[in-house]
Protein chains: 2
Amino acid sequence: MNSSRPVTIKDIARRFRCSPSTVSRALNDHPAINEDTRKNIQEYAKEVGYQRNEVSLSLLNKKTASLGVVVPTISNYYETAVIEGLHTVLQPMGYTLNICVTNESYLLEKESLSKLLSNRTEGIFLSVSQETYDAGYYEHLENVIQRKTPLIFIDREYEDFETSRATVDDYHGAFAAVEHLISIGYKQIAHLKGPNGLTVSEQRFKGYINCLKKHNMPIREELILNTNFNVESAILPTKRLLELASPPDAIFGVNDQVAIGAMRVAKDKGLRIPQDIGLVGFDNSPISAYTFPSLTTVHRPGRKIGMEASRLFLNQLNGSGDFAPESIVLPSELVIRESSLRI
Amino acid sequence: MNSSRPVTIKDIARRFRCSPSTVSRALNDHPAINEDTRKNIQEYAKEVGYQRNEVSLSLLNKKTASLGVVVPTISNYYETAVIEGLHTVLQPMGYTLNICVTNESYLLEKESLSKLLSNRTEGIFLSVSQETYDAGYYEHLENVIQRKTPLIFIDREYEDFETSRATVDDYHGAFAAVEHLISIGYKQIAHLKGPNGLTVSEQRFKGYINCLKKHNMPIREELILNTNFNVESAILPTKRLLELASPPDAIFGVNDQVAIGAMRVAKDKGLRIPQDIGLVGFDNSPISAYTFPSLTTVHRPGRKIGMEASRLFLNQLNGSGDFAPESIVLPSELVIRESSLRI
DNA sequence: ATATCGAATGCAAACGTTTGAAAAAATTTC
DNA sequence: GAAATTTTTTCAAACGTTTGCATTCGATAT
């Protein structure tokens, strides 16, 4: 029972009738320690499985080597890709990642951040939740900034903070996607938009609109409907689109999930893709290459985003006092597959 | 610059010319504190954004409220589902999850565990890496057990440890999958096996073998090839299978990824699925429902596994001294789709 | 024999918080 | 106005580790 208490430096000191300082120095190969003492102590420590209590060190040095990652969800491919990217860079540097999932809830986001600050996390990667944006609150962020804890926005962001951020060029990706549909010859292009207010949604929406404008195509309000980033949320809106008197001949979904939902509905209605209706998604999730027909989409480099975000964090950390926030915008890339290739 | 140092209880005490104890008690609504004092201190604390240093508390109470999750990867659907399940139960209880990715490497696994122990993590969920099993080392685990840190195995496990574990009934899932193929009328059923040694691989393999035996079907060694759980690793083995003088008329893949890899190769060879060759996977990952044809598979309840594992952890934590490890085995369930439905 | 030096070790403070026990202050009682 | 009582506050130790400075102990040089 008692054996479960971890061995401390004091325990070892008692055993050798010496002071904790000596043990500490012996374990850390301090030169001023007698060779024999050092060897004996190190051997004994190994034998009893001594493991330095990093908590006490954290307190002493005010360094925790832990970072917070606050994301709306981890069940999407993209988010895990980002986390993997963060991991790739930061785990080898000794950082520990504390993953917090907000489920798109403002309250959970607030609590997560508060918890991370209490735990003296050394940096926070944040992709804000949908509710947060809707609510328009950002006191919980003020808090982080006041602490001068490096805060890196990932993808979803607030425009009005002096922080670093890593985002994908959603605007041009969307623009390219829609332009591709136009070039194929689609005339009535609908958009299944993401939730209002989020930068991601709005940028893609803007790309859609501006591309239509550029090509002098009419913007039909009834062809723009909101969805929620997941498959289910696309079902009803797509049905409504296809039941219109003048239905669209192509749909640009805010992400792959939504496009796949639309694909389902279209197939159920007996429409042929891409002959009767063209489809484009966004994300280039692995699944998009295996749907039937395979889905034209816009590649979003999640792993790279994670790695870039790490870099931004490290820059801010090592930056001397006069730190200037950086914004990294990675290009997105159109991936043309079958779902839009009407000949 | 200086403003970034977090406000401490001592700072507040100085401000009110009182002792830290008073501040601490005031903040914690201790009854023995004067109402006015309490209010003033609380107000001021809020104003300056005081946030309790949990690190110091961890040291004092020997409780860190953090748990380790050590997994080979997070880029598969199943793993993230498990993590989500863990999250669902444990985040509301105030636990923080430290995710460590081993990339199937023994060394990384060892280091991760060591780090988690040093950080005085209160429990560890472990899905052992492939290399670890191959190497046969388990000293790093002895260490965890010696510390009496609750260790919960997830899916991949060692047989010979007295720990709790949550696994899916791979054996019967595989058995059902193969039996389904047989019932449809497939005669030459190949198996793309996972890496040798891992329980997951071996159980599914055993299900495959025993089902063939039960139905008096010959076991052809050349129809059993190893893969690595990912799409790419299935390509070559499948090619070899299809180039045999007497090729299989069905393939049971160790997971969906592998089955999808096989599907790719089969289609490239001009084979029709399920008419010319039947395919079954394992996992019921979201992608499996959207491949063409959709993939027959075995559902593996990742979220549930995560939640059950949490329960096991909590049991062990709250259990009085005489703790007996539990093994939870969740049933897997055959999901029949198009890839095996030859009429 | 004593001063000097170098090597090895110990002391004490610090990180931020909580908490039982003691002390101080305020209030009540006679 | 003093004693008793209650309310409020402070003291000190503890958690585990590191580290500048002081100390001790031999040994060497004078």
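Just so it is clear, the structure is predicted and the values come from calculations on it, not from any experiment. Within every chain, numbering begins at 1; the chains are lettered A, B, ... in the order of the sequence lines, protein sequences first and strands thereafter.
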Next on the checklist: Can you tell me which nucleotide in C:dT19, D:dT9, D:dG16 comes closest to the side chain of B:Ser24?
Outcome noted: C:dT19

Checklist outcome for this item: Residue pair B:Pro20/B:Ser56 against DNA chain D: nearer the 5' end by closest nucleotide is B:Pro20

Checklist entry - Got a donor-acceptor pair under 3.5 Å from the side chain of B:Arg5 to the base of C:dG16? => result no

Checklist entry - Separation of A:Asn28 atom CG from D:dT18 atom P, in whole Å? => result 5 Å

Next on the checklist: Output the rounded distance in Å from CZ (B:Arg14) to P (C:dG16).
Outcome noted: 10 Å

Checklist entry - Touch check for A:Thr8, heavy atoms < 4.0 angstrom, all strands: base, sugar-phosphate only, or nothing? => result sugar-phosphate

Next on the checklist: Before we go on, tell me: are the rings of B:Phe16 and B:Tyr44 under 6.0 Å apart, centre to centre?
Outcome noted: yes

Item to check | Phosphate contact (D:dT17 OP1 or OP2) by A:Ser21 side-chain N/O below 4.0 Å | outcome: no

Next on the checklist: Could you check, using the six-membered ring where one of them is a Trp, whether B:Tyr95 and B:Phe313 have ring centers closer than 6.0 angstrom?
Outcome noted: yes

Next on the checklist: I'd like to know if A:Arg17 reaches the base of C:dG10 with its side chain, counting only an N/O donor and acceptor under 3.5 Å.
Outcome noted: no

Checklist entry - Has A:Thr37 got a side-chain N or O lying under 4.0 Å from the OP1 or OP2 atom of C:dA8? => result no

Checklist entry - Atom OH in B:Tyr78, atom OG1 in B:Thr73: separation rounded to 0.5 Å? => result 13.5 Å

Checklist outcome for this item: DNA chain D nearest-nucleotide lookup for B:Lys62 and B:Ser19: closer to the 5′ end is B:Ser19

Checklist entry - OP1 or OP2 of C:dG16 less than 4.0 angstrom from a side-chain nitrogen or oxygen of B:Tyr50, does that happen here? => result no

Next on the checklist: Could you tell me how far apart B:Gln51 (CD) and C:dG16 (P) are, to the nearest whole angstrom?
Outcome noted: 15 Å

Checklist entry - Got a donor-acceptor pair under 3.5 Å from the side chain of B:Arg120 to the base of D:dG16? => result no

Checklist entry - Base, sugar-phosphate alone, or nothing: which one does A:Lys10 contact when heavy atoms must sit under 4.0 Å apart? => result base

Next on the checklist: Considering every strand and a 4.0 Å limit on heavy-atom distances, what is the contact class for B:Phe16: base, sugar-phosphate, or nothing?
Outcome noted: nothing

Item to check | A:Ser58 (side chain) and C:dC15 (base): donor-acceptor pair under 3.5 Å | outcome: no

Next on the checklist: Just the rounded figure in Å: distance from P of C:dG10 to CZ of A:Arg25.
Outcome noted: 10 Å

Checklist entry - Under 4.0 Å between a side-chain N/O of B:Asn34 and OP1 or OP2 of D:dT8, yes or no? => result yes

Checklist entry - How many angstroms lie between atom CD of A:Gln51 and atom NZ of A:Lys46, to the nearest 0.5 angstrom? => result 11.5 Å

Item to check | Donor-acceptor pair, side chain of B:Asn28 and main chain of B:Ser24, under 3.5 angstrom | outcome: yes

Checklist entry - So does B:Arg52 reach the base of C:dT18 with its side chain, donor to acceptor, closer than 3.5 Å? => result no

Next on the checklist: Side chains of B:Asp29 and B:Gln42, heavy atoms from C-beta outward: is any pair under 4.5 Å?
Outcome noted: yes

Item to check | A:Thr22 side-chain N/O to C:dG10 phosphate OP1/OP2 under 4.0 Å | outcome: yes

Checklist entry - What is the distance, rounded to the nearest whole Å, between atom CD1 of B:Ile9 and atom P of D:dA14? => result 20 Å

Item to check | Interatomic distance where CD belongs to A:Glu54 and C1' belongs to C:dC15 [whole Å] | outcome: 15 Å

Item to check | A:Asp29 CG - D:dT18 C1' separation (whole Å) | outcome: 15 Å

Checklist entry - Of B:Leu27 and A:Leu60, whose nearest nucleotide on DNA chain C comes first from the 5' end? => result A:Leu60

Next on the checklist: Output the rounded distance in Å from CG (A:Leu57) to C1' (C:dC15).
Outcome noted: 10 Å

